Amino acid sequence: MVLWVGEPRYRNLPWLIKKHDAFERWVPKKDRNGRQVTETVTVKGKKVRKKVWERISGEIKVFHAQRSVALPYRVVIYDLRKNVVALDFSGEVLSDSRSSYYEYTGDPRGEKPPPVRYKGRANAPALLSEKVLTNRALAELPGQVVTTTLKRVE
């Protein structure tokens with residue numbers, strides 16, 4: 001059995017807008033104590049208490065970045081009794097790192113629930129380095145080669 005492992009191929013996607021959403025929404029108007037404000041209105045000669053609502057607007061942008069590595073490999077198995085190639089296949093091991101954050105502008109009451117975990121680029125987790133991703137791919141390589149080889153030999 002001969003195993004050839006090629007040079008890693010890297011791919012870096014910078015911060016790009018993944019989602020952009022502008023909205024308008026009605027929310028309850030609240031007093032100082034946090035209770036919804038009510039007002040009395042006359043409807044067909046009757047006085048009715050109605051809850052008061054406010055129209056708010058906002059804009060959410062979700063940003064996404066990704067770094068990945070592809071580690072190509074090739075496996076050749078020789079049949080030494082017949083002196084022929086019994087099996088020849090290739091593949092690649094992939095390892096990637098992703099990060100996301102969002103920015104919100106508008107009325108703070110419209111921000112919930114957040115679309116992703118982190119608000120602001122400074123709070124977004126850093127992408128793993130190319131070296132770490134290459135080491136992860138190298139660690140996954142033996143398992144993937146063995147699994148693929150066993151499937152093809154059977």
Side-chain angles (χ1 to χ4, degrees), residues 1-36 51-154:
M1 179 174 163
V2 177
L3 172 64
W4 171 84
V5 180
E7 288 292 319
R9 293 188 316 268
Y10 301 104
R11 183 175 179 208
N12 290 306
L13 293 175
W15 291 106
L16 299 171
I17 293 179
K18 183 177 181 183
K19 180 181 176 186
H20 180 211
D21 188 22
F23 64 88
E24 288 187 347
R25 191 177 297 157
W26 289 94
V27 295
K29 184 175 184 176
K30 299 197 175 182
D31 62 12
R32 281 187 241 169
N33 298 323
R35 293 183 301 249
Q36 187 167 3
K51 294 181 178 180
V52 179
W53 297 81
E54 289 182 285
R55 186 181 211 167
I56 62 166
S57 62
E59 178 181 40
I60 292 178
K61 292 179 184 175
V62 178
F63 295 85
H64 182 75
Q66 181 180 4
R67 180 175 293 145
S68 62
V69 62
L71 191 61
Y73 66 88
R74 184 172 181 201
V75 175
V76 180
I77 298 178
Y78 294 100
D79 184 346
L80 298 177
R81 292 173 290 172
K82 298 177 185 174
N83 202 18
V84 294
V85 174
L87 186 62
D88 181 4
F89 68 92
S90 60
E92 64 183 10
V93 178
L94 301 172
S95 181
D96 71 340
S97 175
R98 300 166 190 243
S99 184
S100 294
Y101 71 92
Y102 75 97
E103 291 178 352
Y104 178 81
T105 54
D107 193 300
R109 293 174 290 176
E111 189 173 352
K112 299 172 181 108
V116 292
R117 188 178 205 168
Y118 303 101
K119 182 178 181 179
R121 185 170 179 176
N123 297 323
L127 295 172
L128 296 176
S129 69
E130 291 177 350
K131 183 177 180 179
V132 170
L133 291 173
T134 303
N135 288 338
R136 274 189 179 180
L138 284 170
E140 292 175 23
L141 181 67
Q144 186 168 331
V145 167
V146 167
T147 303
T148 308
T149 304
L150 290 175
K151 285 181 184 176
R152 292 181 185 251
V153 168
E154 291 176 351

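Since the structure is predicted, the reported quantities are computational estimates derived from the model, not experimental observations. The analysis underlying the following values was restricted to heavy atoms, covering all of them including side chains, and did not include hydrogens, waters or symmetry mates.
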- Arg11 CZ: over 12 foreign heavy atoms closer than 6.0 Å: no
Hits for side chain to side chain contact (heavy atoms under 4.5 Å, CB included) against Leu3, two or more places apart or cross-chain, chain-then-number order -> Val5, Tyr73, Val75, Val145
d(Leu141 CG, Glu92 CD) to nearest 0.5 Å is 11.5 Å
### Task
Say whether, by atom type as modelled, one donor and one acceptor occur between the side chain of Ser99 and the main chain of Leu127 under 3.5 angstrom.
no
* To do: Report yes or no: does Arg152 contribute a side-chain atom to a donor-acceptor pair with the main-chain N or O of Leu87 at less than 3.5 Å?
  => no
| query | Is it the case that more than 12 heavy atoms not belonging to Phe23 sit under 6.0 Å from its CZ atom? | reply | yes
For residues 113-135, the salt bridge (Lys or Arg N to Asp or Glu O under 4.0 Å) pairs (sequence neighbours left out) are Glu111-Lys119
Heavy-atom nearest pair, Tyr118 first then Asn123, reads CD2-O, 3.3 Å
Residues at least two apart in sequence or cross-chain that pass side chain to side chain contact (heavy atoms under 4.5 Å, CB included) with Arg55, listed by chain then number, are Glu24, Trp26
**Q.** Validation row: Ser90, Trp4 side chains within 4.5 angstrom (heavy atoms)
**A.** no
Minimal heavy-atom distance between Pro142 and Ala139, with the atoms involved, is CD-O, 3.5 Å
### Task
Might you work through the side chain to side chain contact (heavy atoms under 4.5 Å, CB included) test for Glu103 and Glu59, ending with a clear yes or no?
CA-CA 8 Å; Glu103 291 178 352; Glu59 178 181 40; over 6 Å; no
query: Heavy atoms, side chains only, cut-off 4.5 Å: are Lys51 and Pro28 in contact?
result: no
Tightest non-hydrogen contact, residues Leu71 and Leu138, listed as CD2-CD2, 3.5 Å
d(Gln66 CD, Leu16 CG) to nearest 0.5 Å is 10.5 Å
Rounded to the nearest 0.5 Å, the CH2 atom of Trp53 sits from the CD1 atom of Ile56 at a distance of 11.0 Å
Is it true that Arg98 and Asp96 have a side-chain N and a carboxylate O under 4.0 angstrom from each other? yes
Taking every heavy atom of Val69 against every heavy atom of Pro8, the minimum-distance pair comes out as CG2-CB, 3.5 Å
Separation between CD (Gln144) and CG (Leu94), nearest 0.5 Å, reads 7.5 Å
Between Leu128 and Ser97 the two heavy atoms that sit nearest each other are N-OG, 3.0 Å
Between the CD atom in Glu140 and the OG1 atom in Thr147, the distance rounded to the nearest 0.5 Å is 11.0 Å
On a heavy-atom basis, the closest approach of Arg67 and Ser129 is NH1-CA, 3.9 Å
One should read off an interatomic distance between Gln36 CD and Asp31 CG, to the nearest 0.5 angstrom, of 10.0 Å
With sequence neighbours left out, the residues meeting ring-ring contact (aromatic ring centres under 6.0 Å, His included) with Phe63 are Tyr101
With sequence neighbours left out, the residues meeting side chain to side chain contact (heavy atoms under 4.5 Å, CB included) with Arg32 are none
The complete set of salt bridge (Lys or Arg N to Asp or Glu O under 4.0 Å) pairs with one or both residues in residues 76-90, sequence neighbours excluded, reads Arg74-Asp88, Asp79-Arg81
